[in-house]
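Here is the structure we will look at, set down as structure tokens.
Quick caveat: nothing in here was measured; it's all calculated off a predicted structure.
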Amino acid sequence: MSKIQKIKGFSDLFSPESDQFQFLEQTARDVFSRYGCRELRTPIIEKTNLFARSIGEETDVVQKEMYTFPDRKGRSLTLRPEATAGVLRAYIENKLYAREPLQKLFTCGPMFRYERPQKGRMRQFHQINVEVLGTDAPQADAEVLLMLWTFLQSTGLKGLAIELNSLGCAECRPVFHDALRSFLDSLDTDRLCDDCKRRKDTNPLRVLDCKVPACKEMTKDAPCISDHLCPECREHFAAVREVLDQAELPYTLNPRLVRGLDYYQRTTFEIVSGDIGSQSAVAGGGRYDGLIEKLGGPKLPGIGFACGMERLALLLPEQEEPHLDFYLAVLDDSALNTSLILAQHLRDKGFTGEVGFETKSVKAQLRQANRKQAKTCLLLGTEEMDKGQILVKDMATGAQQSVSQDDLEQALGLQ
RNA sequence: GUGGGUGUAGCUCAGUUGGUAGAGCUCCUGGUUGUGGCCCAGGUGGCCGCGCGUUCAAGUCGCGUCACUCACCCCA
């Protein structure tokens, strides 16, 4: 029979790595809850048009990266490629805004995009996500960034940088777009790279982001979004930066920072690392005023971010294997059941430990205890049972003592 | 979607001009009748990714295919 293997771009997550994921989620939960964020869990499948409408029909994500399929009655469903759309849908559908428009929501879980896998990019990947809905106060933008940065600091990660930009709003962005377009048209387009020739029409902002030196050189005098912001957006962005400066958040302005999803407006940001390969963004987000309305909700603003857990995990040190308080070596079959019950009592008292299910040689079981980094090895056989005693061996010193079961708890506690 | 690299033991990798498959680590057993790590001895473990071709003979050469991986693109 041929072996069945996992599908491309999906992965089985085993212990050291799954521990990292757990650590990241737990840290996020702890930090975000201090800001009043509540956890929300939404389905990983939604109706396709939710994503088409929010992310944008023309984006690469919607055009060629979604896992879209008909259900048994022919309705088009999609594995979520990002979290914001689902969270907003839930916010609107459950009328959370009716009781309290301002909602701080945290969610995490798997996302799906059909892309060619590479370092830091899987088809099933995991994100930690925060949305702050119902306010356009610049202080909310600042708080979201502080929340994200505090979370990242709490994970102990180093070498991360914050890039910040404002993309303008529905008023000023089109003006900038026109200015950019006419600038690009004025260039000797033959000298642009093939991608930029295409991007010039499909996604002009991306041209500013091109890594090809020739393109960089040609666009160095391109119009800058910051010079085209309308007074309101300019004021909003300045207010955001004022709080960030007061909080001494270490960010750099990047007027060429672009977002891949259409819904972003005004404040946008990205956290980048130089240590994880070419997929260097570990988190990204921004404001999306107008999106809630676009999804059939009230006219309320929002801002949020997503963190790539795989990318963060690449930067995390390996977690240490958890140590055992005891490993119980069973010397005779007749001691097996007693051993298991004894271990169960110890676990009830809060000790961590394992029992050797198979009565292999003492040598083999001690080797096992050593491998599992147990603090102690308990040895139980017929001899010990007759005396109502159990042998406790300290694995670090090799010292060994015979204690009654009543004293065992204390003996372990002293280790 | 495009390009590069790599597929040999559980892991990391050798393998000569084509000639019957190797090491280190891991694991198991023993050296020590019921005592771990270090050391020593032995052992388990392979459709050499898969298929086709060339050849007396293919891990090795050719073609195809699949998988993994890095990069472009895109993005968290």
With a 3.5 Å cut-off and heavy atoms only, can you find an N or O donor on one side and an acceptor on the other between the side chain of [X] and the base of [N]?
X	N	answer
Lys363(A)	G31(B)	yes
Gln400(A)	U35(B)	yes
Gln118(A)	C73(B)	yes
Gln365(A)	G34(B)	no

Applying the Watson-Crick and G-U wobble criteria at under 3.5 Å, what pairs with [N]? Answer none if nothing qualifies.
N	result
G7(B)	C66(B)
A41(B)	U29(B)
C74(B)	none
G36(B)	none

Practice task
Establish, from distance only, whether the side-chain atoms of Tyr288(A) and Ser54(A) form a donor-acceptor pair under 3.5 Å.
Solution key: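 Distance-only check fails for Tyr288(A) and Ser54(A).
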Whether the Ser182(A) and Asp178(A) side chains hold a donor-acceptor pair (N or O, under 3.5 Å, no angle test) is what I'd like checked.
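Side chains of Ser182(A) and Asp178(A): no pair found under 3.5 Å.
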Within the structure, does a side-chain N or O atom of [X] lie under 4.0 Å from either OP1 or OP2 of [N]?
X	N	result
Arg367(A)	C27(B)	no
Arg199(A)	C74(B)	yes
Ser361(A)	G34(B)	no
Arg371(A)	C28(B)	yes

Problem set entry | Integer angstrom distance from the C1' of G37(B) to that of U33(B) |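 The same atom, C1', in both gives a distance of 22 Å.
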Distance, P atom - from C74(B) to C13(B), rounded to whole angstrom:
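Taking atom P in both C13(B) and C74(B), they lie 33 Å apart.
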I want to verify a distance call: between [options], whose nearest atom is closest to the [X] side chain?
X	options	result
Gln5(A)	G34(B), C74(B), A67(B)	A67(B)
Lys8(A)	U35(B), G34(B), C68(B)	C68(B)
Leu331(A)	G34(B), U29(B), A71(B)	G34(B)

For this session: Considering only NZ, NE, NH1 and NH2 on the basic side and carboxylate oxygens on the acidic side, decide whether Asp141(A) and Arg287(A) come within less than 4.0 Å.
Result: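 A salt bridge is present here (some side-chain N lies under 4.0 Å from a carboxylate O).
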Using heavy-atom distances to pick each residue's nearest nucleotide on RNA chain B, tell me which of Glu310(A) and Gln279(A) is more 5'.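 In this pair, the answer is Gln279(A).
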Query raised in the report: When the nearest nucleotide of RNA chain B is assigned to His126(A) and to Arg116(A) on a heavy-atom basis, which residue is associated with the more 5' position?
Result: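 First, find each residue's nearest nucleotide; the 5'-ward one identifies Arg116(A).
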Counting only heavy atoms not in Glu171(A), do more than 12 sit closer than 6.0 Å to its CD atom?
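Check fails, neighbour count at 12 or below.
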